[in-house]
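Model, not experiment: these values are computed from the prediction.
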Amino acid sequence: MVDLALSSDQQDIVDQARAVARRCLAPRAGEHDRTGAFPAENIADLHDAELLGLLVPTQYGGTGADLISWGLAVAELAEACGSTALIFAMHSGAARLLAADAATNPVAERVLKEIASEGKLLSWGFSEPGTGGNILNPQLRAAPDGDSVHLAGTKAFCTGAGHADYYLINAHSGEHEFRRSQTMALLPAGQPGLDVKQSWDAMGMRANCANTLLLDCRIPAQNCVGGPGGGMTRLTHALPALILGLAAASLGIARAAQTFANDHVMRRKLAPTGQPLAAFQGVRLHVADMATTIHTARLSLLHGAHTAETDQLEALPALNMTKYICNKAAIAVADTAMQVTGGHGFLRANPLERHYRDARAGAVMGSNLDALRDMIGKAALGLDPRSVTITAPTGETRP
């Protein structure tokens, strides 16, 4: 059974994230949304608060936090600024992948230490124009060339592209066996043959700067996490954080929408009664819907994080459910909040319309909602989530 009580260390991490979010991120969120500018000051503040290294192991100078406290910290950041929380979540997932290789890879060890001591920022490069959310079937190729590897192809929707210090790129190794099909390449931002195309101008998460990467470059083989073709074993350590981070960001956005709506219905008085909107049962029913939806999403986040830490075999099905529930929660709560606040919520002068737009991001980032539903359905039927062929069971059929 999951113990829902946080330890003192876990609570300290959540409190620290909340303090930075409210003091630094929240006042800037509206401007970053309007301009789409990368939140460099926010990333610096996260480093100063020792949050950038939350998932960096202590032996490399980080905090070595567990996924429960880290996930709740992401939610705190997202409640203030969804874009910053998403950048932080993707960075942390990449750090977790490097941590799985650092004991035998001096390049990974060095970068982890730079994160903790210098605030270096990591970014993923998984999505591609032709594969979308099917991140484990990249068209970008990693061709061995002596002591180096040649990378050629395009990556799309790369969070923080143009502003990160390092990029983790997955490419197809050319091996037919699935376990040997992934090469995870670590590239510094100044890598020759790595170019950034400024392509991000989105409805929501506007400061996410998820630009396009154009690659035609050679890197040393030692920059391949797990070695060429050995990325899959390391990736299993990073995927829980990637999925959980997207879920946690949705939870934080849902809470932000709920907070605005609750404050509005308590303060807004309806003429000629002089009573606040909260005095009307219909409004309170909507408030109850938001509260129960968020409560369910938070419990799912805790369960997903706990399962990822304790049961690797069950982690992916649990995390798929977590992301699905939290993504849906953000959309539902933002929609309800807009309904109960009316025209005030619709105004750009108020933050709800930003939360409303940001809430849509989780549904299309990573595995989209329909892909998640399909994987959840396959898992419920005892099927391989990667299978595209469904075979009826043999034996006697029940009436």
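- Checked against salt bridge (charged side-chain N to carboxylate O under 4.0 Å, His left out), Arg141 has no partners two or more places apart in sequence or in another chain.
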I'd like a table of donor-acceptor pairs (distance under 3.5 Å, sequence neighbours excluded) in which one partner is a side-chain atom from residues 85-94, with atom names and distances.
from	atom 1	to	atom 2	distance (Å)
His91	ND1	Leu122	N	3.0
His91	NE2	Leu52	O	2.9
Ser92	OG	Trp70	NE1	3.1
Ser92	OG	Phe88	O	2.9

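- Put simply, the side chain of Leu187 reaches to within 4.5 Å of the side chain of Leu215, judged on heavy atoms.
- Relative ring orientation between His344 and His264 is described as tilted, the plane-to-plane angle lying within the 30° to 60° band.
- Side-chain atoms of Arg180 come within 3.5 Å of backbone atoms of Pro228 as a donor-acceptor pair (strictly under, hydrogens ignored).
- Listed by first and then second residue, the side chain to side chain donor-acceptor pair (under 3.5 Å) pairs that reach into residues 237-253 are Ser250-Asn327, sequence neighbours excluded.
- Between Val225 and Asn105, the shortest heavy-atom distance links the atoms CA-ND2, 4.4 Å.
- Every side chain to side chain contact (heavy atoms under 4.5 Å, CB included) that Ile325 has, sequence neighbours left out, goes to Thr296, Ala297, Ser300.
- Within the 4.5 Å cutoff, the side chain of Thr154 has no heavy atoms near those of the Glu128 side chain.
- Classified by interplanar angle (parallel below 30°, tilted 30° to 60°, perpendicular above 60°), the ring pair Trp124/Phe126 is perpendicular.
- For the pair Met365 and Ser127, the minimum side-chain heavy-atom distance is 4.5 Å or more.
- In terms of the side chain to side chain contact (heavy atoms under 4.5 Å, CB included) criterion, residue partners of Gln59 (sequence neighbours excluded) are, by chain and number, Pro57.
- Remark: the backbone N or O of Leu67 is paired with a side-chain donor or acceptor of Glu309 at under 3.5 angstrom.
- Applying the side chain to side chain donor-acceptor pair (under 3.5 Å) rule to pairs touching residues 184-199 yields Gln198-Asn211, Ser199-Thr212, sequence neighbours excluded.
- Between Glu79 and the choices Arg255, His355, Arg18, the side-chain hydrogen bond (donor to acceptor under 3.5 Å, both in side chains) rule is met once, by Arg255.
- Between Asp33 and the choices Arg357, Arg354, Arg28, the side-chain hydrogen bond (donor to acceptor under 3.5 Å, both in side chains) rule is met once, by Arg357.
- With hydrogens and angles ignored, the 3.5 Å screen pairs no side-chain donor or acceptor of Arg268 with any backbone N or O of Pro276.
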